[in-house]
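Report on the following structure.
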Amino acid sequence: MNSQNSNLQDKLSEYYSSIFEKELIDDIIKVGRFESIESGNLLIDIGQDLTHIPLILSGVVKIMRQENEDEELALYYLERGDTCAISFVNCIDHKRSIFRGIVEKDVEVVFLPVEVIDDWLQKHKTWRRFIIDSYHLRLLEMVDAIDGLAFMKLKNRMLKYLIEKVKITQENILDITHQEIANDLNSSRVVVSRMLKQLEQENKIEMRRNKIIIESF
DNA sequence: ACATTAAGTGATT
DNA sequence: AATCACTTAATGT
């Protein structure tokens, strides 16, 4: 076994040994392709053929939809231990991706080919559990996102977005511009600036140029 | 000093 | 809540 494989084994055991049985981890090492991807790169794009599904070992991936050039919406984040089960079902049917996944914090990821993940559903009980749980979680997050759009005022939606961001970056000083927030929430920069100012007056956040400090979360 | 980019403001829909 | 038109502030060269 070469060094990259043993490295992969270490990481897999570290993060997944509590949910996956040993044989499954061995199988993953056998067929998985390990990759490191730097922040800012695309993991998957809309319309792209899905031949593999990603298993995230570290880092963060932002999953979003995009209608036109300048209309986008952030849906949810993938972190360590996550996979995109939506892409999994897509994968089995050999459909194209309906999402875009962009790397937000450098990721280490294992790509698993479609052919095997189907078999594993029967072969490994923990895999089956993992996929079902993951699909369920993603669905809940999606419903949450829809609720946000339908019922929540932008200010609340934005606060939720910021807190989420703090959680995944482990940093309460966010490196972000008003424009970027507006893009993620499919809103406009002017409105975001005004809402942020309100949040600042409520002492929930503090603003610097290119930075937002979240006080309470 | 100047140009560029981020953020703020008032009016209008 | 969005858009327009414009100002002001911060930053890079």
Side-chain angles (χ1 to χ4, degrees), chain A residues 35-48 54 56 58-80 82 84 86-87 90 96-109 136-217:
Chain A
E35 270 184 46
S36 299
I37 304 175
E38 279 180 20
S39 160
N41 286 309
L42 282 174
L43 189 74
I44 180 102
D45 204 356
I46 295 163
Q48 196 175 318
I56 311 289
S58 68
V60 179
V61 178
K62 177 169 78 182
I63 303 295
M64 59 189 199
R65 284 241 70 193
Q66 182 155 72
E67 277 305 316
N68 316 316
E69 292 275 296
D70 47 341
E71 282 188 34
E72 56 180 51
L73 178 68
L75 290 173
Y76 53 80
Y77 294 96
L78 297 180
E79 298 176 76
R80 161 158 93 242
D82 286 335
C84 194
I86 309 285
S87 74
N90 262 325
R96 288 155 188 283
S97 175
I98 53 171
F99 298 135
R100 164 173 298 169
I102 185 160
V103 178
E104 185 119 332
K105 240 172 96 178
D106 299 3
V107 292
E108 293 174 302
V109 59
H136 185 224
L137 185 64
R138 245 75 263 184
L139 181 62
L140 290 180
E141 280 179 311
M142 202 83 87
V143 168
D144 219 42
I146 295 171
D147 281 352
L149 286 175
F151 308 124
M152 274 165 57
K153 300 278 186 221
L154 182 62
K155 192 162 67 156
N156 296 326
R157 197 150 65 93
M158 194 167 66
L159 189 57
K160 204 171 153 225
Y161 166 87
L162 292 172
I163 290 171
E164 178 74 16
K165 203 97 168 153
V166 168
K167 264 191 225 148
I168 63 156
T169 55
Q170 308 283 310
E171 236 337 320
N172 77 324
I173 300 170
L174 300 174
D175 233 306
I176 196 165
T177 65
H178 298 185
Q179 185 64 63
E180 286 167 339
I181 297 172
N183 292 148
D184 274 353
L185 299 178
N186 188 29
S187 177
S188 64
R189 201 272 308 162
V190 200
V191 176
V192 165
S193 291
R194 285 179 175 140
M195 298 290 121
L196 282 172
K197 203 166 70 177
Q198 288 183 32
L199 288 173
E200 189 172 43
Q201 277 157 7
E202 295 165 19
N203 291 320
K204 298 210 171 83
I205 63 167
E206 223 176 294
M207 288 189 280
R208 300 287 137 77
R209 179 173 237 245
N210 286 322
K211 283 186 170 50
I212 293 169
I213 305 160
I214 284 69
E215 306 289 0
S216 55
F217 55 92

Subject >> Test: A/K197 and A/E200 ion pair at under 4.0 Å >> reply: no

Subject >> Gap between atoms NE2 and C1', on A/H178 and C/dA9 respectively (whole Å) >> reply: 13 Å

Under 3.5 Å, which protein N or O atoms sit close to an N or O of nucleotides 1-6 of chain C? Give each pair with its distance.
{"from": "C/dA1", "atom 1": "OP1", "to": "A/L154", "atom 2": "N", "distance (Å)": "3.1"}
{"from": "C/dA2", "atom 1": "OP2", "to": "A/S187", "atom 2": "OG", "distance (Å)": "2.8"}
{"from": "C/dT3", "atom 1": "O4", "to": "A/R194", "atom 2": "NH1", "distance (Å)": "3.2"}

Original post:
Do A/K105 and A/I168 have side-chain heavy atoms sitting under 4.5 Å apart?
Top reply: no

**OP:** Could you check how far NZ of A/K197 sits from P of C/dA9, rounded to whole Å?
**Re:** 13 Å

**OP:** Report yes if the side chains of A/E180 and A/D184 come closer than 4.5 Å at any heavy-atom pair, otherwise no.
**Re:** no

Original post:
Are any of the side-chain heavy atoms of A/E104 and A/K165 separated by less than 4.5 Å?
Top reply: yes

Subject >> Heavy-atom side-chain proximity of A/L199 to A/M158 below 4.5 angstrom >> reply: yes

Original post:
Are any non-hydrogen side-chain atoms of A/V166 and A/E171 less than 4.5 angstrom apart?
Top reply: no

Original post:
Quick one: how far along DNA chain B does chain A reach, first to last nucleotide 5' to 3', anything under 4.0 Å to a heavy atom?
Top reply: B/dT5 to B/dA11

Original post:
Quick one: do the A/Q48 and A/S97 side chains pair a donor with an acceptor below 3.5 Å?
Top reply: no

Original post:
Can you find a pair of side-chain heavy atoms, one from A/K204 and one from A/L162, that are under 4.5 Å apart?
Top reply: no

